[in-house]
Student: 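I have a structure here, written as structure tokens, and I will follow up with some questions on it.
Note on naming: letters A, B, ... go to the chains in the order of the sequence lines (proteins, then strands), and numbering restarts at 1 for each one.
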There are 2 protein chains.
Amino acid sequence: MDEDTEAAASPFSMPDPPRDGRHRVTQLADRLREQILQAELKPGDRLPSEVGLAEAHSVSRTVVREAIAILRSEGRLDVRRGVGAFVCEPNAIAAPFADLSLERISSVIELIELRIGVESQAASLAAARRSPEQLEAILAAHSEVGRCIRDGQSTRMTDYTLHLRIAEAAQNRRFPELMTLVKIGMVSSVPVTDRDRQNAPMPANENLQSEHAAIVNAILLSDSDKAATAMRTHLEGSLRRYKELLVNGVSG
Amino acid sequence: MDEDTEAAASPFSMPDPPRDGRHRVTQLADRLREQILQAELKPGDRLPSEVGLAEAHSVSRTVVREAIAILRSEGRLDVRRGVGAFVCEPNAIAAPFADLSLERISSVIELIELRIGVESQAASLAAARRSPEQLEAILAAHSEVGRCIRDGQSTRMTDYTLHLRIAEAAQNRRFPELMTLVKIGMVSSVPVTDRDRQNAPMPANENLQSEHAAIVNAILLSDSDKAATAMRTHLEGSLRRYKELLVNGVSG
DNA sequence: CCATCATACTTGTCCGGCAAGTTGGTCGCG
DNA sequence: CGCGACCAACTTGCCGGACAAGTATGATGG
């Protein structure tokens with residue numbers, strides 16, 4: 001990735017570099033971001049001055065300024081006029097929901113606690129607002145879950161799809177948006193490639209289909225309160241099972 | 001260094017404008033972002049050229065470039081060399097909740113519907129789990145809201161802080177994470193530059209303090225159900241006011 | 001009608017410069 | 001000697017011009 005050894009000192013000989021596929025600004029921003037992420041630049045540290053960075057990376061101050069502007073807009077740098085640019089605390093900018101994982105049961109529990117609030121509300125709204133097409137999609141997804149159960153397959157993906165369909169039926173973009181955000185906390189981020197990378201053991205829920213049926217039925221009947229309650233019951237059941245798993249230990 | 005002879009059109013008379021409090025780059029980036037969020041610039045539209053934007057906003061091309069670099073890094077603009085900058089499809093933006101806006105009442109309503117589910121759950125958990133320190137922080141934030149009301153200031157920021165403190169007291173990272181995600185949907189991303197640009201009229205809630213008090217009190221008493229109900233009542237009241245605003249028209 | 005080319009326009013980068021804010025040291029004065 | 005005022009250096013914020021390179025469009029010639 002490093003081939004630009006020559007400097008070409010002539011004044012206007014090479015304003016545009018040998019096309020590396022990306023902009024110098026993006027490159028520099030990525031490099032600086034990497035340095036921050038790798039803790040080469042620790043929070044509180046002051047970056048070299050703009051001219052210093054320009055010389056160090058063999059770019060103009062314009063490029064440095066644009067790169068710094070990007071990192072500043074990301075909340076990674078705090079630039080003070082006349083002083084310099086300082087690395088911000090990472091927790092102030094950490095991407096939300098970036099550390100979702102099925103591996104850590106505590107993470108799954110945290111997520112379910114959030115989903116109880118979100119999805120019971122989504123189910124309530126879905127019962128009141130779902131279009132006929134959305135109702136069909138929900139019923140289809142429900143059937144898919146049943147098929148997976150009968151076939152002995154994992155219900156993780158189909159279960160997520162059903163919950164997503166319900167969120168979509170709430171007629172509010174925020175709900176499906178949030179579902180996509182928490183998706184990797186419900187289905188394995190790793191596509192279960194080959195060896196069964198057993199994630200969190202996912203305590204089998206024998207009542208899964210009946211609990212889902214209660215939710216779907218309430219939405220079918222446009223009963224908002226019942227839909228919310230059924231969703232809450234469903235998720236609280238999952239929450240309880242995962243908590244038991246946490247107490248009893250994963251090995252058992 | 002006498003250059004203030006006329007300061008009108010001399011070449012280097014006024015590189016730095018009268019301090020507007022914030023950077024021109026940030027201002028311009030916010031204005032362009034707002035235009036995109038408000039659909040003044042629809043997906044697929046081409047922005048004016050950099051020199052055109054520079055003239056239109058009375059800034060240098062340097063400022064325009066830095067602002068565009070920020071929006072590009074946010075995934076809102078697709079810049080093609082020799083062609084121009086185009087507004088991206090909003091769903092193409094990596095970060096969900098990227099199109100939150102106080103300007104569009106429909107966006108505020110959508111957000112509140114989500115918050116009803118999330119924050120009532122957060123209040124419930126907060127009532128059960130809050131530490132003494134977190135309780136103090138909630139009480140302090142509650143007092144701050146009251147101070148803003150008495151001083152006639154906007155309660156937007158302090159209100160957000162109170163809700164954030166409650167989310168933090170839920171002892172579940174997901175809740176404050178989600179709150180930071182929806183922050184710009186609760187407080188204006190553009191700090192109310194100066195005149196006009198009145199944001200969403202934010203229907204004043206005369207019962208704000210008493211509704212907050214009910215929530216805070218329930219958390220104080222560790223009454224989970226009451227906390228959840230109070231939060232739900234509080235947000236449903238806001239939802240109702242915004243819906244009325246939407247029906248009656250913004251102009252009034 | 002179509003291929004080709006000239007040209008205008010746009011973005012990417014570089015350069016030098018000035019204004020304004022901050023810091024640290026020096027100097028003068030009590 | 002102590003201390004405040006002042007000044008010089010450094011840094012960021014912004015400006016304007018210039019050139020290289022990519023793209024699009026219309027003119028031109030076959």
Student: Could you state the CG-P distance from A/Leu77 to D/dT11, rounded to the nearest angstrom?
Tutor: 16 Å
Student: For the side chain of A/Arg81, starting at C-beta, report the closest nucleotide among D/dA20, D/dT11, C/dA20.
Tutor: C/dA20
Student: Could you tell me the separation between the CD atom of B/Glu50 and the P atom of D/dA20, rounded to a whole number of Å?
Tutor: 18 Å
Student: Between D/dT11, C/dT11, D/dG13, which one does the side chain of A/Ser49 approach most closely?
Tutor: D/dT11
Student: Does this structure show an ion pair linking A/Glu177 with A/Lys183, if we count only N-O contacts that are shorter than 4.0 Å?
Tutor: no
Student: May I ask you to verify if any side-chain N or O of B/Arg80 is less than 4.0 angstrom from the OP1 or OP2 atom of C/dG12?
Tutor: no
Student: Tell me, do B/Arg240 and B/Lys243 make a side-chain contact under 4.5 Å, heavy atoms counted?
Tutor: no
Student: First locate atom CD of B/Glu119, then atom CD1 of B/Ile215, and finally report the distance between them rounded to the nearest 0.5 Å.
Tutor: 8.0 Å
Student: Please report the interatomic distance CG(B/Leu162) to CG(B/Leu208), rounded to the nearest 0.5 Å.
Tutor: 8.5 Å
Student: Would you mind reading off the distance between A/His57 atom NE2 and C/dT13 atom C1', rounded to a whole angstrom?
Tutor: 17 Å
Student: Is there a side-chain contact between B/Phe175 and B/Glu168, using heavy atoms and a 4.5 Å cut-off?
Tutor: no
Student: Please state how far atom CD in A/Glu55 lies from atom P in C/dC15, giving the value in whole angstrom units.
Tutor: 10 Å
Student: State, yes or no, whether a side-chain contact exists between B/Ser210 and B/His234 at a heavy-atom distance under 4.5 Å.
Tutor: no
Student: Return the CG to CG distance between B/Leu111 and B/Leu239, rounded to the nearest 0.5 Å.
Tutor: 10.5 Å
Student: Using five base pairs at each end to define the local axes, how bent is the helix from C/dC1-D/dG30 to C/dG30-D/dC1, to the nearest 10°?
Tutor: 20°
Student: Can you sort out the partners of A/Arg61 under salt bridge (charged side-chain N to carboxylate O under 4.0 Å, His left out), two or more places apart, ordered by chain and number?
Tutor: A/Glu50
Student: For C/dT11 and B/Arg72 - does any side-chain N or O of the residue sit under 4.0 Å from the phosphate oxygens OP1/OP2?
Tutor: no
Student: Using a heavy-atom distance cut-off of less than 4.0 Å, which residues of residues 59-69 of chain B contact DNA chain C?
Tutor: B/Arg61, B/Arg65
Student: Measure the spacing between OG1 of A/Thr180 and OH of A/Tyr160 and express it to the nearest 0.5 Å.
Tutor: 5.5 Å
Student: Starting at CZ of B/Arg46 and ending at P of D/dT25, how long is that distance when rounded to a whole Å?
Tutor: 10 Å
Student: Measuring from the side chain of A/His23 (C-beta onward, heavy atoms only), which nucleotide among C/dG12, D/dG13, C/dT22 has the closest atom?
Tutor: C/dG12
Student: Can you tell me the distance, in whole Å, between the CG atom of B/Asp78 and the C1' atom of D/dT23?
Tutor: 14 Å
